[in-house]
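Dumping the structure here so I can ask a few things about it.
Predicted model only: the values in this text are computed from it and were never measured.
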Amino acid sequence: MFLYEMFYEFTSLFIVLFTLVFYPILLYVRFQKFYRSHKILGLRTISEIDEKGFSDVGEGFEAKILWENIYKVKELKNWILVYHNSTAYGFLPKRVLSGNQIQEFRNIVTQKNIKSELLKD
């Protein structure tokens, strides 16, 4: 009985330590490796949004996504997330857009009948 209680306490302590200490460190290290291995992430990007779709152009890359290939759009307080599928998304900081550009983006998303979670200003 004593051994069982000691094992139970040790297991609980291990789970708490893993969740609060080791797991965040593991995530940080994995993110750092991912960021260093994908040089595109640190480059300046120019995004263009029009009636056809969404395009990003940067140093050494270009990506175009048609509206019909967008899974959904989610607007947060400071970001616009454009989902390519249920888990992967591109992001656009709202600080680089004027109020009119944000409203125009919302109008396009609504007109194209894209699944969305848009804010109401």
Side-chain angles (χ1 to χ4, degrees):
M1 184 77 165
F2 175 73
L3 210 53
Y4 175 76
E5 288 177 15
M6 205 165 109
F7 178 75
Y8 179 76
E9 288 178 20
F10 177 73
T11 304
S12 299
L13 179 64
F14 177 76
I15 290 171
V16 169
L17 282 175
F18 182 79
T19 304
L20 296 177
V21 178
F22 299 118
Y23 190 66
I25 291 171
L26 177 67
L27 286 177
Y28 178 78
V29 169
R30 291 182 75 191
F31 178 76
Q32 287 294 330
K33 284 183 180 181
F34 178 81
Y35 186 78
R36 278 191 236 115
S37 67
H38 290 77
K39 304 250 185 251
I40 281 178
L41 293 176
L43 299 177
R44 184 181 177 133
T45 304
I46 297 172
S47 297
E48 186 175 310
I49 301 165
D50 60 20
E51 293 296 322
K52 294 179 188 175
F54 197 94
S55 65
D56 289 328
V57 179
E59 299 173 28
F61 75 94
E62 183 175 341
K64 292 185 180 186
I65 302 167
L66 300 175
W67 286 114
E68 55 263 17
N69 295 327
I70 292 177
Y71 177 73
K72 78 174 180 177
V73 173
K74 184 173 185 178
E75 183 180 356
L76 304 174
K77 180 181 176 188
N78 297 313
W79 298 91
I80 295 174
L81 308 178
V82 181
Y83 284 79
H84 311 293
N85 59 43
S86 62
T87 58
Y89 58 86
F91 51 90
L92 182 65
K94 288 171 69 174
R95 63 179 155 64
V96 301
L97 301 172
S98 69
N100 288 339
Q101 289 172 323
I102 293 171
Q103 189 56 47
E104 191 175 332
F105 179 82
R106 289 175 184 153
N107 291 341
I108 291 172
V109 169
T110 303
Q111 287 172 357
K112 298 294 181 181
N113 233 4
I114 297 170
K115 182 178 171 181
S116 61
E117 297 174 30
L118 302 173
L119 297 178
K120 306 214 184 323
D121 285 333

Could you please spell out the steps behind the side chain to side chain contact (heavy atoms under 4.5 Å, CB included) verdict for L118 and V109?
CA-CA 9 Å; L118 302 173; V109 169; 4.2 Å; yes
Verify, without hydrogens or angle tests, whether K94 (side chain) and L76 (backbone) share a donor-acceptor contact under 3.5 angstrom.
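Between the backbone of L76 and the side chain of K94 there is a qualifying donor-acceptor contact (under 3.5 Å).
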About how many Å separate CZ of R95 and CG of N78, when rounded to the nearest 0.5 Å?
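Reported value, rounded in 0.5 Å steps: 9.0 Å.
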Could you give the side-chain donor-acceptor pairs of residues 13-32 under 3.5 Å, partners two or more places apart or in another chain?
unit_1: T19; atom_1: OG1; unit_2: I15; atom_2: O; d: 2.8
unit_1: Y28; atom_1: OH; unit_2: Q32; atom_2: NE2; d: 3.3

Any side-chain heavy-atom pair of T45 and V57 under 4.5 Å:
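Result no, sub-4.5 Å side-chain heavy-atom pair not found.
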So that I can tick it off, tell me whether K112 and E68 are bridged by a salt bridge, with the cut-off set at under 4.0 angstrom between side-chain N and carboxylate O.
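Result for this pair is no, no salt bridge flagged.
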Taking E117 first and then K72, would you say they form a salt bridge - that is, a charged N and a carboxylate O separated by under 4.0 Å?
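Judged by the 4.0 Å cut-off on N to carboxylate O distance, E117 and K72 do form a salt bridge.
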Heavy atoms, side chains only, cut-off 4.5 Å: are Y71 and K115 in contact?
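Yes, their side chains come closer than 4.5 Å.
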Determine whether a donor-acceptor pair (N or O, by modelled atom type, separation under 3.5 Å) exists between the side chain of W67 and the backbone of I114.
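No; zero donor-acceptor contacts below 3.5 Å.
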So, E62 and K64, do they make that salt bridge, N to O below 4.0 Å?
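Looking at K64 together with E62, the answer is yes, because their closest N to O distance falls below 4.0 Å.
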Point-to-point distance, once rounded to the nearest 0.5 Å, from OG1 of T110 to CZ of R106
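That separation rounds to 9.0 Å.
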Test log, rule side-chain hydrogen bond (donor to acceptor under 3.5 Å, both in side chains), inputs N107 and Q103
CA-CA 6 Å; N107 291 341; Q103 189 56 47; 3.2 Å; yes
May I ask whether Y89 and I102 are part of the same hydrophobic cluster, defined by side-chain heavy atoms of I, L, V, M, F, W, Y residues being less than 4.5 angstrom apart, directly or through others?
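No.
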Within-4.5 Å side-chain heavy-atom neighbours: I80 and F105:
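I80 vs F105: side chains touch.
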